[in-house]
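All remarks here apply to the structure that follows.
Quick caveat, the model's predicted, so the values are computed rather than measured. Count residues from 1 along the sequence.
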Amino acid sequence: MRIVRLDERTREDILEGLLKRDPNNYPQYEETVQEIVETVRAKGDEALFAYTERFDKVKVDGGNIRVTDEEVQEAFEKVDPKLLSVMKKSMANIKEYHQRQIRQSWFDTKPDGRILGQKITPLERVGVYVPGGKAAYPSTVLMNVVPAEVAGVEHIVMVTPPGKDGKVDPVTLTAAHLAGVTEVYRVGGAQAIAALAFGTRSIPRVAKIVGPGNIFVALAKKAVYGHVSIDSIAGPSEILVIADETADPRYVAADLLSQAEHDELASAILITTSMTLAEAVSKEVDGFVKDLSRKAILEKSLENYGYILVAEDLMQAVETANAIASEHLEIMTKAPFEVMTKIRNAGAIFIGPYSSEPLGDYFAGPNHVLPTNGTAKFFSPLGVDDFVKKSSVIYYSREALEKVHQEIQLFAASEQLTAHANSIKVRFEKKEAI
């Protein structure tokens with residue numbers, strides 16, 4: 001990996017390069033995605049079935065697009081019992097963590113007859129997109145579905161591309177059943193997002209769509225936003241490690257590569273105060289890459305967005321980490337919890353040498369659906385709050401309103417909204433006429 005001395009210019013150049021990976025920077029695909037979305041919106045199932053045959057080479061219709069209970073049972077029987085056991089333990093951890101995020105409705109009663117509050121209501125119907133076709137992602141199923149189930153969502157609808165045999169991967173189906181998915185449809189791509197957003201005869205409309213996907217899925221979510229809610233427009237995966245001379249270079253190298261293997265746009269960055277560690281990590285990375293199965297992707301990813309930055313001190317390292325706002329941030333320093341208190345921007349923070357990033361991806365419990373591409377400056381990990389909506393509750397007695405009605409009328413008049421003022425005034429006009 002390249003080793004660079006960290007300074008202001010270096011930081012700005014890296015930030016500029018990372019931002020080029022933003023899904024919004026692919027206008028060449030937007031027209032195609034928009035056409036797919038609008039066609040499914042206009043033609044419903046006809047377009048949905050046609051696009052599935054065109055892109056996935058699978059024929060679906062109203063009779064077979066939904067996965068049956070028999071297929072789910074068949075999937076269970078095909079899954080390795082050891083993997084099934086691990087998935088159940090992972091799901092238990094995810095559920096326990098997210099149950100702590102549940103918020104209750106609240107009401108505050110005042111002596112003068114005012115009642116103010118907030119009503120928490122689960123979304124009624126949510127769509128979860130899970131990538132498929134060539135690979136299975138049961139962890140994605142659990143991370144997207146469990147928070148929705150904990151929130152109390154009544155209908156959790158999953159869409160995922162079928163394999164060449166027209167079937168959904170058994171591990172994916174098993175994870176969906178364990179997590180509480182109510183319906184599974186064998187359809188993917190931008191057409192699946194459009195179907196969830198607008199509804200077809202086969203797939204009822206949802207209120208929100210969550211889950212990762214390729215650039216077509218990301219742009220489709222962007223296109224339907226406003227018609228439905230979405231979680232975010234996910235960018236390529238990324239990891240940033242802050243380390244000092246106490247860190248184990250072999251651990252650091254392995255963790256950097258755990259994200260670099262995702263795709264050629266993934267970023268892997270080490271910021272360290274030790275040139276000795278920087279050189280050792282670079283050597284370890286080279287050694288690992290030779291033996292890992294995704295060597296070509298790793299090499300390209302590191303060439304494009306892999307950096308070892310040597311900082312003057314930990315404060316400079318922290319400032320740079322906050323500027324980058326990485327999806328995953330690992331801290332391997334002498335006093336990692338002290339460093340953690342200075343981190344403002346990160347999707348998930350992993351502390352110490354035995355809290356490597358895959359622990360969060362698969363098992364620990366916190367959600368692995370995280371803000372990417374700098375959006376950790378204003379976005380949070382997926383959680384229970386993403387699957388509920390809040391309604392304000394307001395009640396005033398006549399006595400309570402009478403105390404403030406003239407002030408409200410004055411405020412409305414200042415904005416020249418006379419109907420607003422009148423709405424308050426009419427409630428006391430008889431008294432004022434006396």
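For F378, the CZ atom counts as densely surrounded, since its 6.0 Å shell holds more than 12 non-hydrogen atoms of other residues, nucleotides or ligands. In this structure, F107 places its CZ atom where more than 12 heavy-atom neighbours from other residues, nucleotides or ligands lie under 6.0 Å away. Counting heavy-atom neighbours within 6.0 Å of Y362 OH, excluding the residue itself, gives a total of 12 or less. Within 6.0 Å of the NZ atom in K300, the count of heavy atoms belonging to other residues, nucleotides or ligands does not exceed 12. Atom CD of E338 is surrounded by 12 or fewer heavy atoms from other residues, nucleotides or ligands within 6.0 Å. More than 12 heavy atoms of other residues, nucleotides or ligands lie within 6.0 Å of CD in Q28, so this atom counts as buried by the packing criterion.
For the side chain to side chain donor-acceptor pair (under 3.5 Å) criterion with D385, the lone passing option out of R103, Q101, K390 is R103. Tested against I115 for a side-chain contact (heavy atoms from CB on, under 4.5 Å), the candidates I394, T109, D108 yield a single pass: T109. With F216 as the partner, the ring-ring contact (aromatic ring centres under 6.0 Å, His included) test is satisfied by one option alone out of F55, Y51, Y29: Y29.
A salt bridge links E30 and K222; the closest N-O separation between the charged side-chain nitrogens and carboxylate oxygens is under 4.0 Å. Ion pairing between E319 and R344 fails under the 4.0 Å rule for side-chain N and carboxylate O. Of the charged side-chain nitrogens involved, none lies within less than 4.0 Å of a carboxylate oxygen, so that E16 and R11 do not count as a salt-bridged pair. Using a 4.0 Å cut-off between a side-chain N of Lys or Arg and a carboxylate O of Asp or Glu, K290 and D286 do not qualify as a salt bridge. Taking the charged nitrogens against the carboxylate oxygens, E53 and K57 have no contact shorter than 4.0 Å, which rules out a salt bridge. Under 4.0 Å is where a charged nitrogen must lie from a carboxylate oxygen, and between K221 and D231 at least one such pair does.
One distance of note links OG of S237 with CG of L265; it measures 11.0 Å at 0.5 Å rounding. With values rounded to the nearest 0.5 angstrom, L196 atom CG is found 11.0 Å from R205 atom CZ. For the atom pair CE of M87 and CG of D80, the computed distance is 11.0 Å after rounding to the nearest 0.5 Å. Here OH of Y307 is found 5.5 Å from CD1 of I14. Values are rounded to the nearest 0.5 Å. Interatomic distance, S326 OG to I349 CD1, rounded to the nearest 0.5 Å: 10.5 Å. From L370, atom CG reaches atom NE2 of H368 across 8.0 Å, with rounding to the nearest 0.5 Å.
When all heavy atoms are compared, the tightest approach of L18 to S267 is CD2-CB, 3.6 Å. Annotation for I203 and L48: closest pair CD1-CD2, 3.8 Å, computed over non-hydrogen atoms. Closest heavy-atom contact between V146 and A179: CG2-CB, 4.1 Å. Residues A197 and I209 come closest through the heavy atom pair N-CD1, 4.0 Å. Across all non-hydrogen atoms, the minimal contact from I271 to A321 is CD1-N, 4.1 Å. Looking at every heavy atom in both residues, A190 comes nearest to V33 through CB-CG1, 4.3 Å.
For S356, the side chain to side chain donor-acceptor pair (under 3.5 Å) test picks out no residue, with sequence neighbours left out. In terms of the side chain to side chain donor-acceptor pair (under 3.5 Å) criterion, D169 has no residue partners (sequence neighbours excluded). Qualifying salt bridge (charged side-chain N to carboxylate O under 4.0 Å, His left out) partners for E149, counting only residues two or more places apart in sequence or in other chains: K95.
Side-chain contact, E264 with S301: no donor N or O sits under 3.5 Å from an acceptor N or O. No donor-acceptor contact under 3.5 angstrom links the side chains of Y97 and Q99, judged on distance only. The closest side-chain donor-acceptor pair between E38 and Q34 falls under 3.5 angstrom. In this model, no donor atom of one side chain and acceptor atom of the other lie less than 3.5 Å apart for D244 and T333. With no hydrogens or angles considered, no side-chain donor-acceptor pair links T375 and K377 at under 3.5 Å. Side-chain contact, Q259 with E357: a donor N or O sits under 3.5 Å from an acceptor N or O. Judged purely by distance below 3.5 Å, without hydrogens or angles, the side chains of T32 and E35 never pair a donor atom with an acceptor atom. For the residue pair D255 and S258, no side-chain donor N or O sits within less than 3.5 Å of a side-chain acceptor on the partner.
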Salt bridge (Lys or Arg N to Asp or Glu O under 4.0 Å) between K389 and E124: does it pass, once the steps are laid out?
-> CA-CA 10 Å; K389 57 189 179 70; E124 186 176 352; over 6 Å; no

List the steps, then state whether salt bridge (Lys or Arg N to Asp or Glu O under 4.0 Å) holds for E279 with K283.
-> CA-CA 6 Å; E279 293 171 345; K283 184 177 179 181; over 6 Å; no

Might you work through the side chain to side chain contact (heavy atoms under 4.5 Å, CB included) test for E312 and R5, ending with a clear yes or no?
-> CA-CA 9 Å; E312 294 178 4; R5 287 281 184 184; over 6 Å; no

Test log, rule side-chain hydrogen bond (donor to acceptor under 3.5 Å, both in side chains), inputs K119 and T121 | CA-CA 6 Å; K119 184 176 183 292; T121 307; 3.1 Å; yes

Evaluate salt bridge (Lys or Arg N to Asp or Glu O under 4.0 Å) for E46 paired with R201, printing each intermediate quantity in order.
-> CA-CA 10 Å; E46 178 187 345; R201 183 180 294 273; over 6 Å; no

Between F379 and T372, is a side chain to side chain contact (heavy atoms under 4.5 Å, CB included) present by the stated rule, with each step listed?
-> CA-CA 9 Å; F379 277 147; T372 58; over 6 Å; no

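D45 places a side-chain N or O within donor-acceptor distance of the main-chain N or O of S202, the cut-off being under 3.5 Å. H98 contributes no side-chain N or O that, together with a main-chain N or O of V150, makes up a donor-acceptor pair within less than 3.5 Å. The closest donor-acceptor contact from the side chain of S282 to the backbone of M1 lies under 3.5 Å.
V126 has its side chain out of reach of V157: every pair of non-hydrogen atoms, C-beta onward, lies at least 4.5 Å apart. Side-chain contact between I242 and T320: absent, with no pair of heavy atoms (C-beta onward) separated by less than 4.5 Å. Using a 4.5 Å heavy-atom cutoff, the side chains of L116 and Y396 are in contact. Looking only at side-chain heavy atoms (C-beta outward), D263 and P236 come within less than 4.5 Å of each other. Looking at heavy atoms from C-beta onward, R100 lies out of side-chain contact with I102 at the 4.5 angstrom threshold. Taking 4.5 Å as the limit, some side-chain heavy atom of L178 sits within range of a side-chain heavy atom of L84. Between L309 and T10 the shortest side-chain heavy-atom distance falls below 4.5 Å. L292 has its side chain within reach of L257: a pair of non-hydrogen atoms, C-beta onward, lies under 4.5 Å apart.
Classified by interplanar angle (parallel below 30°, tilted 30° to 60°, perpendicular above 60°), the ring pair F76/H177 is perpendicular.
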